[in-house]
*Asks:* 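I have a structure I would like to understand better, so I am pasting it below and will then ask my questions one at a time.
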Amino acid sequence: MDEKVQPDLEDFSSEPFLEGFLKEMRREEAVLLLGICVALALVILTVVFFRGFWGSSKARNAVLLLGLCDSGKTLLFTRLLLGKFVRTQTSITESSATYKSKSDRGSSWTLIDVPGHESLRVQIVEKYKAMARAVVFVVDSSVFQKDVRDVAEFLYSILTDSTMAKNAPALLLACNKQDISMAKSAKLIQQQLEKELAKQRCTEWPHWAAKQVHSGRSCLSSTNTLRLTRSAALSSQDGAVGGSVYLGKRGKDFEFSQLPTRVEFIECSAHGSRDLADISALEKSLARL
């Protein structure tokens, strides 16, 4: 009878081998688990980033038309949308419509015409300011010298708003009614607004706030009194800024170039016939948003 050969099998049941084998398995499981956790974390961070990026871009899809009463906002609104003259009247509520920019991308924005009356515009601006991708601030160039203080005050409230400052929407100052002979140029309007935004406005502030910058005098000679007084009035309330930010750079006279956003001064005319109306510069600026 043939002799049966029994193979010399290693004893896999020995205790040292099992202990080593289990340690190796645990090590591999830990590495695998760590890899899975890192991969999941990267996926979550990527989703959060793109959701926030695309979400904020989508939310800020409005172009606000702001300005004083009779500056020509509503006519400019209809010109941009329809491309023709339409008789308008003073607005008492906001109007909105989809505006498609004249660019290769064909981007679309929600164009919002905000009434210019002070009792109406505050709540409407508050309602839409977080959505603003751009602000078109319309100025009546023909009566600018008369309205310069009111224009500067309204513009100041927009520029120092904390939400506006954080989102930094593009600022397009549309110097409208250039077809009128008495109209001021965009360059002059820019210079006058820079001076008015930084000049003395002592009478507009309570004495308890103004005295912090008045040094015992009725008014500072500095051209930055408006900004300093506003900051003092807000900072005195529990040390908080009160929802506003400092305009420009401290210790320097205000210039629009100091703003952390794109600023353009544009000459335009929404009124008149096809030949007199000219909003092409504004349309080009909107196309670059």
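All values reported here derive from a predicted model rather than from experimental measurement.
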*Asks:* Does Arg79 reach the main-chain N or O of Ala270 with its side chain, forming a donor-acceptor pair under 3.5 Å?
*Replies:* yes
*Asks:* Let me confirm one number: the NZ-NZ distance from Lys249 to Lys252, rounded to the nearest 0.5 Å.
*Replies:* 5.0 Å
*Asks:* Within the structure provided, determine whether Met164 and Val135 are in side-chain contact (heavy-atom separation under 4.5 Å).
*Replies:* yes
*Asks:* Kindly indicate, with the supporting measurements, whether the criterion side chain to side chain contact (heavy atoms under 4.5 Å, CB included) is fulfilled by Lys102 and Lys284.
*Replies:* CA-CA 7 Å; Lys102 296 184 177 181; Lys284 289 179 182 177; over 6 Å; no
*Asks:* Please confirm whether the backbone N or O of Gly116 pairs with a side-chain atom of Arg121, one donor and one acceptor, at under 3.5 Å?
*Replies:* yes
*Asks:* Looking at OH of Tyr156 and CG of Asp161, how far apart are the two atoms once the value is rounded to the nearest 0.5 Å?
*Replies:* 12.0 Å
*Asks:* Does a side-chain heavy-atom distance below 4.5 Å link Arg133 with Pro169?
*Replies:* no
*Asks:* So, for Trp109 and Leu286, which heavy atoms are closest and what is the spacing to 0.1 Å?
*Replies:* NE1-O, 3.7 Å
*Asks:* Restricting to non-hydrogen atoms, name the atom on Leu259 and the atom on Val263 that form the minimum distance, rounded to 0.1 Å.
*Replies:* CD1-CG2, 3.9 Å
*Asks:* Under 3.5 Å, is there a donor-acceptor pair between the side chain of Glu255 and the main chain of Gly248?
*Replies:* no
*Asks:* Would you say the side-chain atoms of Lys73 pair up with the backbone N or O of Leu68, donor to acceptor, closer than 3.5 Å?
*Replies:* yes
*Asks:* Which is it for Leu66 and Val125 under the side chain to side chain contact (heavy atoms under 4.5 Å, CB included) test, yes or no, and what are the steps along the way?
*Replies:* CA-CA 9 Å; Leu66 305 179; Val125 169; 3.9 Å; yes
*Asks:* Would you check, one step at a time, whether the test side chain to side chain contact (heavy atoms under 4.5 Å, CB included) holds for Ile112 with Val63?
*Replies:* CA-CA 6 Å; Ile112 302 174; Val63 175; over 6 Å; no
*Asks:* If hydrophobic clusters are built by linking Ile, Leu, Val, Met, Phe, Trp and Tyr wherever their side-chain heavy atoms come under 4.5 Å apart, do Leu282 and Leu82 end up in the same one?
*Replies:* yes
*Asks:* Could you give the distance from CZ (Phe256) to CG (Leu171), rounded to the nearest 0.5 Å?
*Replies:* 7.0 Å
*Asks:* When rounded to the nearest 0.5 angstrom, what is the spacing between CG in Leu197 and CZ in Arg149?
*Replies:* 12.0 Å
*Asks:* Tell me whether Ser142 contacts the main-chain N or O of Met182 through its side chain, where contact means a donor paired with an acceptor under 3.5 Å.
*Replies:* no
*Asks:* Should we count CD of Glu118 as having more than 12 external heavy atoms under 6.0 Å?
*Replies:* no
*Asks:* Would you please test Leu64 and Leu111 for side chain to side chain contact (heavy atoms under 4.5 Å, CB included) and show each step?
*Replies:* CA-CA 6 Å; Leu64 305 185; Leu111 191 62; over 6 Å; no
*Asks:* In terms of hydrophobic clusters joined by side-chain contacts under 4.5 Å, are Leu188 and Val143 together?
*Replies:* no
*Asks:* Quick one: closest heavy-atom pair of Glu264 and Ser285, and the distance?
*Replies:* OE1-OG, 2.8 Å
*Asks:* Taking all atoms of both residues into account, what is the closest heavy-atom pair of Phe144 and Gln192, and its distance?
*Replies:* CE2-CB, 3.5 Å
*Asks:* With a 4.5 Å cut-off on side-chain heavy-atom distances among I, L, V, M, F, W and Y, is there a chain of contacts connecting Val138 to Ile180?
*Replies:* no
*Asks:* What's the separation between atom OG in Ser185 and atom CD in Glu267, rounded to the nearest 0.5 Å?
*Replies:* 6.0 Å
*Asks:* Evaluate the side chain to side chain donor-acceptor pair (under 3.5 Å) criterion for residues Ser95 and Asp113: first the C-alpha distance (whole Å), next the side-chain angles of each, then the deciding distance (0.1 Å), finally the verdict.
*Replies:* CA-CA 5 Å; Ser95 300; Asp113 176 24; 4.8 Å; no
*Asks:* Any donor and acceptor pair, going by atom type alone, linking the side chain of Gln178 with main-chain N or O of Cys268 inside 3.5 Å?
*Replies:* no
*Asks:* Is the backbone of Ala168 close enough, under 3.5 Å, to the side chain of Thr261 for a donor and an acceptor to pair up by distance?
*Replies:* yes
*Asks:* For the residue pair Val136 and Ala174, what are the closest heavy atoms and their distance?
*Replies:* CG1-CB, 4.0 Å
*Asks:* Tell me if a side-chain donor or acceptor on Arg60 pairs with a main-chain N or O of Asn167 at a distance below 3.5 Å.
*Replies:* yes
*Asks:* Would you say the side-chain atoms of Ser71 pair up with the backbone N or O of Gly67, donor to acceptor, closer than 3.5 Å?
*Replies:* no
*Asks:* Do Glu94 and Lys127 meet the salt-bridge criterion of a basic N to acidic O distance under 4.0 Å?
*Replies:* yes
*Asks:* Find out whether Leu155 and Leu173 are in side-chain contact, i.e. whether some heavy atom of one side chain is under 4.5 Å from a heavy atom of the other.
*Replies:* yes
*Asks:* Going by salt bridge (Lys or Arg N to Asp or Glu O under 4.0 Å), Lys177 matches just one of Asp140, Asp70, Asp278, Asp147. Which one?
*Replies:* Asp140
*Asks:* Return the CG to OG1 distance between Leu65 and Thr74, rounded to the nearest 0.5 Å.
*Replies:* 8.5 Å
*Asks:* Tell me the closest heavy-atom pair linking Glu283 and Leu80, and the distance in Å.
*Replies:* CG-CD2, 3.8 Å
*Asks:* Does Phe77 have its ring centroid less than 6.0 Å away from the ring centroid of Tyr99?
*Replies:* no
